[in-house]
Amino acid sequence: MSLKLRRDHRCGQMSVDKVGQNVCLSGWVNVVRDLGGLIFVELRDATGKVQLVADPNKNKEVHDVFVNLKNEFVIAVSGKLTGRPEGTCNHSSPTGLVELYPDQCEILNTARPLPFQLDQGEKVDEALRLKYRYLDLRRPEMSKNLVMRHKISQAVRRYLDTEGFIEVETPILCKATPEGARDFLVPSRLNPGSWYALPQSPQLFKQTLMISGVDRYYQIARCFRDEDLRADRQPEFTQIDMEFSFVDEEEVQRVTEGVLVESFACAGIELKPPFQKMSYADAMGLYGSDKPDLRFGLEFKDFTAVARNCKFKMFKDVAEAGGLVKGIVLSGKAETTSRKHLDTWADYAKSCGGKGLAWISFGKEGLRTSGLEKHLTADEIEQIIQIAGAGVGDVILIVADKAKQVANVLGRLRLKLGEELGLIDETLHKLLWVVDFPLFEYDEEEGRLMAVHHPFTSPRVEDLDKLESDPESVKARAYDIVYNGVEIGGGSIRIHNQEMQSKAFAAIGLDRETASEKFGFLLEALESGAPPHGGIALGLDRMVMLLCGCKSIRDVIAFPKTQSGACPMTSAPSAASDEQLNELKVYNKLDKTTEKGKTTDKDKKGSCEPVC
RNA sequence: GGGAUCGUAGCUCAGUUGGUUAGAGCGCCUGCCUGUCACGUAGGAGGUCGCGGGUUCGAGUCCCGUCGGUCCCGCCA
């Protein structure tokens with residue numbers, strides 16, 4: 001089809017300096033304002049909106065076309081751009097000083113009334129927005145997000161290129177790994193009974209590339225994890241994946257800081273590296289989180305020493321069992337904190353799995369407590385106040401429990417209070433490296449040690465001798481990068497030595513045979529001259545979400561999944577035909593499917609097995 | 001696997017203690033209207049109250065189940 005009118009300008013470019021020029025524009029009818037005589041139409045394209053005017057006295061033909069225009073019709077117009085008459089300018093629009101009286105107008109396509117109005121924006125039910133995602137993405141708020149994502153990707157590519165990185169693509173059809181998240185599986189037609197796994201990350205490939213001598217690799221890589229979804233978690237997501245040869249932590253962190261400086265600059269945010277560092281132990285001890293939000297205080301105070309020597313059984317037992325008694329201080333909140341507030345917070349603490357919440361309110365009229373004065377001496381309460389650094393007008397909230405539980409309960413309470421009491425300075429951009437993670441953590445359910453980061457993470461040199469004797473005390477050469485309390489990336493210096501890698505596998509209970517079967521190629525590669533190497537992966541979706549000011553990564557992904565992992569637009573996932581399954585030698589254990597392709601019994605777990 | 005919450009017109013919502021013919025704004029359709037920019041104005045069409053069952057003389061409203069959305073816990077090396 002040949003167009004009579006060929007676009008030569010974009011709506012967003014229409015400004016006073018183009019007045020007098022002949023322009024041809026194409027786009028969508030954003031809105032029609034038909035005054036009976038004059039008809040105003042807002043024309044929208046990817047760059048913006050501009051006002052078109054049809055005057056029946058000036059051009060009857062064009063006016064006749066305009067009379068029939070409806071929202072979201074696709075049109076092309078041409079004519080001379082004019083400045084708006086005195087008093088009719090719209091100063092709230094970027095193109096509000098100009099308008100176009102077309103001398104030609106062509107309707108390129110019509111549109112039925114839409115299932116939702118584009119100007120209703122975020123108010124529209126998300127399921128509907130996802131079903132008609134192509135309409136949702138027409139909204140400038142959404143297309144802005146896509147553009148921001150593009151800009152950040154481009155900035156990252158530009159920056160990493162200057163730092164000597166090359167982008168290498170790694171397979172999507174991979175081998176399943178025993179550790180980590182649940183894998184998505186893909187049956188192999190050519191090898192009936194065998195399955196590929198989609199990559200949880202390109203981890204092993206990028207390490208292999210280091211052994212190949214690639215030196216510096218990056219990839220904006222799609223990753224897949226078959227776990228439950230959240231506002232910030234999708235089954236497929238994108239990482240800025242990097243790996244470096246011959247580096248230590250400092251170099252990885254320097255380059256990562258550069259990536260973040262460039263990315264944040266896309267959103268007009270200036271970051272100043274180097275970023276603050278904090279040990280995992282401090283993060284957990286002071287904020288009860290491995291990703292503390294440092295935009296506000298409320299650091300934990302430790303009252304365990306007082307508790308150990310007091311007569312209050314509740315505190316004393318916890319302290320003697322190796323637990324902790326810790327609290328946070330709400331400065332100057334004694335007057336505004338009612339008993340109801342305290343009860344609500346205590347309920348919240350319980351809902352987080354805590355046993356309760358003790359409190360001391362240091363009001364003008366004197367002390368009020370959650371009954372603590374019955375169990376503690378005045379001197380002990382005074383000691384607590386001293387340790388808390390509290391004074392008149394302050395409130396102290398106290399939790400006593402196992403160390404892990406104190407961190408969990410008090411950490412979550414801290415976040416809730418930070419928000420509820422308006423303590424968070426929204427203008428701050430707090431970047432933080434969390435370092436010195438433990439290498440392993442004991443998993444009660446599995447009954448074995450698990451890698452905190454992943455099993456390829458190098459132990460700290462000074463802890464090497466403890467790898468077998470006291471593995472839980474070994475620190476990892478790992479680092480997470482945290483932005484305003486959100487983990488946006490993590491990485492480590494890797495093991496580049498076969499012997500140590502075997503020891504690490506052994507520590508997490510991976511026997512020689514399994515290790516060899518699952519990771520034999522890596523162990524072998526490590527024996528062929530593997531350079532010291534390390535890297536990091538940044539969560540692109542989360543970064544873009546935060547930089548766009550969105551609450552969900554779904555708003556920065558063009559075609560995201562719902563919480564149940566479905567795509568309302570395409571209705572994926574759907575049943576496969578018997579023909580397809582037969583070809584794959586896969587047997588469907590589920591009951592027969594309905595016409596709609598949905599399983600008749602949702603309670604049964606979908607499971608497919610090779611027939612052989 | 002668990003907790004919370006939502007589902008009423010195309011969209012966003014209201015709908016009292018269970019009681020007559022289920023309402024509003026926007027959108028849509030038909031008029032009128034020459035400087036609008038949330039155009040205005042007059043009229044009109046439009047409803048399996050997510051679905052199934054139960055309680056009741058009577059259910060949008062109460063109960064049970066189910067489907068779908070969202071948030072969270074678990075899970076996410």
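Within every chain, numbering begins at 1; the chains are lettered A, B, ... in the order of the sequence lines, protein sequences first and strands thereafter.
- The pair A/E227-A/R225 does not count as a salt bridge, with every side-chain nitrogen at least 4.0 angstrom from each carboxylate oxygen.
- When each of B/rC76, B/rC11, B/rG69 is scored by its nearest atom to the side-chain atoms of A/L128, the top-ranked nucleotide is B/rC11.
- Closest contact between the side chain of A/E126 and the listed nucleotides B/rG35, B/rU70, B/rG1 involves B/rU70.
- Under the Watson-Crick or G-U wobble criterion, with both distances below 3.5 Å, B/rA59 has no partner in any strand shown.
- For A/E141 and A/K123, the salt-bridge test fails: no basic side-chain N is under 4.0 Å from an acidic carboxylate O.
- Whole-Å rounding puts the A/N90 CG to B/rA38 P distance at 7 Å.
- No N or O donor and acceptor, one from the side chain of A/R412 and one from the base of B/rC73, sit under 3.5 Å apart.
- Pair assignment for B/rA45: none, as no Watson-Crick or G-U wobble contacts are both less than 3.5 Å.
- Atom CZ of A/R138 and atom CG of A/L118 lie 7.0 Å apart (nearest 0.5 Å).
- Atom name P, nucleotides B/rU70 and B/rG31: the rounded distance is 42 Å, in whole Å.
- As judged by a 4.0 angstrom heavy-atom cut-off over every strand, A/S201 is placed among the base-contacting residues.
- Within 4.0 Å (heavy atoms only), A/I508 reaches no atom of the nucleic acid at all.
- Side-chain atoms of A/E99 come within donor-acceptor range of the base of B/rG35, with a qualifying N/O pair under 3.5 Å.
- For A/S93 and A/N90, the side-chain atoms include no donor-acceptor pair closer than 3.5 Å.
- Nucleic acid contact for A/T562: sugar-phosphate only, since backbone atoms but no base atoms lie under 4.0 Å from a heavy atom of the residue.
- Remark: the separation of the C1' atoms in B/rG27 and B/rU17 is 35 Å, to the nearest Å.
- Looking only at distances, a side-chain donor or acceptor of A/R182 sits under 3.5 Å from a matching main-chain atom of A/D226.
- A salt bridge does not link A/K340 to A/D343: none of the charged nitrogens lies less than 4.0 Å from a carboxylate oxygen.
- Here A/P568 lies out of heavy-atom contact (under 4.0 Å) with every strand.
- Side chain to side chain, A/W433 and A/E249 fail the donor-acceptor criterion of an N or O pair below 3.5 Å.
- Take the nearest nucleotide of RNA chain B for A/G565 and for A/Y101: the residue whose nucleotide is more 5' is A/Y101.
- Both thresholds, 5.5 Å between centres and 30° between ring planes, are met by A/F40 relative to the base of B/rU36, so the two rings are stacked.
- Spacing of C1' atoms, B/rU66 relative to B/rC28, comes out at 34 Å, to the nearest Å.
- Side-chain contact, A/D555 with A/S552: no donor N or O sits under 3.5 Å from an acceptor N or O.
- If you find the closest nucleotide of RNA chain B to A/F456 and to A/P56, the one lying nearer the 5' end belongs to A/P56.
- A donor-acceptor pair is defined here as one N or O able to donate and one able to accept, closer than 3.5 Å; no such pair exists between the side chain of A/D463 and the backbone of A/K466.
- Using P as the reference atom, B/rA42 and B/rC33 are 15 Å apart when rounded to the nearest Å.
- No hydrogens or angles considered: a donor-acceptor pair under 3.5 Å links the side chains of A/Y217 and A/D241.
- For the C1' atoms, the distance from B/rU12 to B/rG47 is 16 Å, rounded to whole Å.
- Interface residues of residues 42-55 of chain A facing RNA chain B, ordered by number: A/E42, A/Q51, A/D55; criterion, heavy-atom separation under 4.0 Å.
- Pair assignment for B/rA14: none, as no Watson-Crick or G-U wobble contacts are both less than 3.5 Å.
- Rounded to a whole angstrom, the distance from the P atom of B/rU20 to that of B/rU30 is 36 Å.
- Using a 4.0 Å heavy-atom distance criterion, A/P455 is classed as a base contact.
- B/rC13 atom C1' lies 9 Å from atom NZ of A/K123, rounded to whole Å.
- Base pairing analysis places B/rG7 opposite B/rC67; the two distances defining the Watson-Crick or G-U wobble pair are each below 3.5 Å.
- When heavy atoms are screened at a 4.0 angstrom cut-off, A/D34 is found touching base atoms of the nucleic acid.
- The residue A/R182 sits apart from the nucleic acid: no heavy atom pair falls under 4.0 Å.
- Across the protein-nucleic acid pair, A/L97 atom CG and B/rC37 atom P stand 17 Å apart, rounded to whole Å.
- Checking A/T170 against A/Q219 by side-chain atom types alone, a donor-acceptor pair falls below 3.5 Å.
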Quick tally for nucleotides 24-30 of chain B: nucleotides whose base has a protein heavy atom under 4.0 Å get B, sugar-phosphate-only ones S, the rest -, giving --BS-S-
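- Salt bridge annotation for A/K518-A/E179: absent, with no cationic side-chain nitrogen under 4.0 angstrom from a carboxylate oxygen.
- Contact of A/R233 with B/rC76 (side chain to base): a donor-acceptor pair of N or O atoms is detected under 3.5 Å.
- In this structure, A/E419 atom CD and B/rC71 atom C1' are separated by 13 Å, rounded to whole Å.
- Residue-to-nucleotide contacts include no donor-acceptor pair under 3.5 Å from the side chain of A/R230 to the base of B/rU70.
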